[in-house]
Amino acid sequence: MGYVGLVTGVCLAHLGHDIVCMDLDAAKIRALRDGRIPIYEPGLDKLVGDNIAKLSFTTSYDELLTRCRVLFIAVDTPPTASGDADLSRVRRVVDEIAAHGGERVLVMKSTVPVGTGEHVTADLEAAGLPGIGYVSNPEFLREGAAIEDFLAPDRIVIGAFREEDGDEVEALYRGVDAPVVRTSVPTAEMIKYASNAFLSTKISFINEIANVCEAVGADVREVARGMGLDHRIGGHFLQAGIGFGGSCFPKDVQALKQLAGNSGYHFQLLTAVIEVNHLQKRRVIGKLKEHVGSLRGKKVALLGLTFKPHTDDLREASSIVLAARLQGEGAKVSAYDPMVPGPEHEQFRGVTICAEPLEAVRGADAVVLVTEWPEFSRLDWDAVLAAMRRPLVVDGRNFLDAGALARAGFTYEGVGVPAVRVPSADAVQAKQG
Ligand code: UGA
């Protein structure tokens, strides 16, 4: 019942199916039974409410396996120390299901290395359980837009060993208008990795273009628009910024690189995609130093901490690296995020997380916009200016109105866009005076 499982269960209930939602975490199941949604995903609470008659929640494998034939697996597959995907949770679920036997269809929603379906099926057959079929049905949900992505997807991918298992899963999506790609299990597994790796590549590519734009005086936003209008390129995922985060892209790119390596192939391009993404977060430090010199003793306020807006997810968020790097440089770091209550958080040791943006920016030498939460474009920037020690904004997402900020008296730095500087010496003196 994480981001993928809960959304999948609730959306399948919305399509008319009876759904049993299972998780080992009793607190989570209790919350769901009480009508509380354990994650923040826009629209999910309403969809649960609308479909509550078709949903039930349990921690019991017995209940699940007595009532259900088709079983969607949506456990996480975090990276191991070697960069491979950790399949221990997947294995535990498969073992539990195998112990109950019966005629079933396992549907893999978790992102698993290519070959996993074949291994699981071989193990089930070796255990004398040929009645359990296996279907790879990767998910392409973006957090923050997951319901829309489930109910109006670009495609549904179904890889099956037995035709009839694929048919059964395809039938569950009746009512969803999207092309269905029917394929083999390894191919379906690869489509998932290749899609995430390609999108990550697009982001690292535009981030490198942004870095060159900074050096030559071009504007990456216009470059991305000019490129994206070419249908062969497409305009999506060409937003330059301080790098991609989240529970999927960083881990999946790493896992695909690792998978290729394990099979004897060095995936050079992905090595660069990963490195560019690491370096992109650190470029903010250089920009800050350019304006304020050494960061020792300086105060930097981070606006936004989640890996993107409209989620409460902090996994692999750029803010975590940035906050640690800033503290490594000797800066004091404060932060505000609408989804991260403070004043402390284990992922952000030493960072003061404030309840209001104005509190976070008080006395700051610079503000760094890390996550493009809509409320930041509506901030009272005059009040921010009055509260800060220096009028410097580094916009890690090219989200704010640079012209308006400059008119308000800020020096503005985006990513791959021309910096807008107020006569900074005057502005600093005016503020310090
Ligand atoms: C991503 C994919 O978009 C989904 O299709 C996929 O199902 C999911 O991973 C997964 O594998 O489970 P998600 O991680 O929720 O979804 O978020 P995205 O909207 O893809 O954003 C990922 C990161 O890329 C964010 O940090 C975002 O800020 C960054 N990004 C995105 C950019 O820096 N520039 C862009 O143009 C787009």
Who are the ring-ring contact (aromatic ring centres under 6.0 Å, His included) partners of Phe72, not counting sequence neighbours? none

Please tell me if the side chains of Val420 and Leu405 come closer than 4.5 Å, counting only heavy atoms from C-beta onward. no

Smallest separation among heavy atoms of Pro153 and Val176, with atom names: CD-CG1, 3.3 Å

Please evaluate residues Leu32 and Cys21 with respect to the criterion side chain to side chain contact (heavy atoms under 4.5 Å, CB included), reporting the C-alpha separation (whole Å), side-chain torsions for both, the decisive distance (0.1 Å), and the verdict. CA-CA 9 Å; Leu32 285 163; Cys21 298; 5.5 Å; no

With side chain to side chain contact (heavy atoms under 4.5 Å, CB included) as the test, would you mind laying out the steps for Met1 and Ile29 before giving the verdict? CA-CA 8 Å; Met1 284 301 100; Ile29 293 300; 4.2 Å; yes

Using the test salt bridge (Lys or Arg N to Asp or Glu O under 4.0 Å), find all partners of Arg92 that sit at least two apart in sequence or belong to another chain. none

Residue Arg91 excluded, over 12 heavy atoms near CZ under 6.0 Å: no

What I want to check is whether the side chains of Asp76 and Tyr3 have a donor and an acceptor closer together than 3.5 Å. no

Is there side-chain contact between Arg397 and Ile242, with at least one heavy-atom pair below 4.5 Å? yes

So, does Thr121 use its side chain to make a donor-acceptor pair with the main chain of Glu118 at under 3.5 Å? no

Could you pull out all residues at least two apart from Phe348 that satisfy ring-ring contact (aromatic ring centres under 6.0 Å, His included)? His345

Without swapping roles, check the side chain of Glu41 against the backbone of Gly144 for a donor-acceptor pair under 3.5 Å. yes

Side chain to side chain contact (heavy atoms under 4.5 Å, CB included) for Tyr173 and Val180? Distances and angles first, verdict last. CA-CA 10 Å; Tyr173 287 93; Val180 177; over 6 Å; no

Salt bridge (Lys or Arg N to Asp or Glu O under 4.0 Å) involving Arg325 - partner list, sequence neighbours excluded: Glu329

Looking at side-chain heavy atoms only, is the closest gap between Arg283 and Leu279 below 4.5 Å? no

Please determine if Asp365 and Lys299 form a salt bridge, counting it only when a charged side-chain N lies under 4.0 Å from a carboxylate O. no

Between Lys298 (side chain) and Leu288 (backbone), is there a donor-acceptor pair under 3.5 Å? no

Please find the pair of heavy atoms, one from Leu305 and one from Leu314, that lie closest to each other, and give the distance. O-CD2, 3.4 Å

Donor-acceptor pair, Asp165 side chain versus Val135 backbone, under 3.5 Å? no

Got a second to check how far Lys308's NZ is from Trp373's CH2, nearest 0.5 Å? 10.5 Å

Distance check, rounded to the nearest 0.5 Å: Ile73 atom CD1 versus Asn137 atom CG? 12.0 Å

Examine distances only and state if a side-chain atom of Asp312 and a backbone atom of Tyr40 form a donor-acceptor pair shorter than 3.5 Å. yes

Which word best sums up how the rings of Phe161 and Tyr134 line up, parallel for under 30°, tilted for 30 to 60°, or perpendicular for over 60°? tilted

Neighbour count >12 (heavy atoms, 6.0 Å) for atom NE2, His266: yes

Which heavy atom of Thr306 sits nearest a heavy atom of Ala317, and at what distance? C-CB, 4.1 Å

Asp337 side chain to Leu303 main-chain N or O, any donor-acceptor pair under 3.5 Å? no

Below 4.5 Å, heavy atoms only, C-beta onward: do Ser200 and Leu270 meet side chain to side chain? no

For Asp34, what residues pass the salt bridge (Lys or Arg N to Asp or Glu O under 4.0 Å) criterion, not counting sequence neighbours? Arg36

Roughly how far apart are Asp25 CG and Arg30 CZ, rounded to 0.5 Å? 8.5 Å

Inter-residue atom distance His17.NE2 - Leu12.CG, 0.5 Å rounding: 5.5 Å

Side chains of Glu372 and Asn398: any donor to acceptor distance under 3.5 Å? no

Are the side chains of Asp149 and Phe140 in touch, meaning some heavy atoms are under 4.5 Å apart? no

Evaluate the side-chain proximity of Val70 to Val107: yes if any heavy-atom separation is below 4.5 Å, no if none is. yes

Quick one: does any side-chain atom of His310 pair with a main-chain N or O of Pro42 as donor and acceptor, under 3.5 Å? no

Closest non-hydrogen contact found for Ala331 with Val300 is CB-CG2, 4.2 Å

So, for Pro179 and Asp154, which heavy atoms are closest and what is the spacing to 0.1 Å? CD-O, 3.2 Å

Just by modelled atom types, is the Ser82 backbone N or O under 3.5 Å from a matching donor or acceptor in the Gln258 side chain? yes

Counting neighbours of CZ on Arg282 that are heavy atoms of other residues, nucleotides or ligands and sit closer than 6.0 Å, is the number greater than 12? no

Enclosure of Glu275 CD (heavy-atom neighbours >12, cutoff 6.0 Å): no

Is any side-chain heavy atom of Tyr336 less than 4.5 Å from a side-chain heavy atom of Phe376? yes

So does Glu139 get a backbone contact from the side chain of Lys192, meaning a donor-acceptor N/O pair under 3.5 Å? yes

What pair of heavy atoms forms the shortest contact from Lys251 to Pro78, and how long is it? CD-CA, 4.1 Å

With a cut-off of 6.0 Å (strictly less than), are more than 12 heavy atoms of other residues, nucleotides or ligands near CD of Glu290? yes

Holding to salt bridge (Lys or Arg N to Asp or Glu O under 4.0 Å), I want the full list of residues that pass it with Arg315, two or more places apart in sequence or in another chain. Glu143, Asp313

Side-chain contact, heavy-atom cut-off 4.5 Å: Arg89 with Thr77? no

Backbone of Leu47 reached by a side-chain donor or acceptor of Asn51 within 3.5 Å: yes

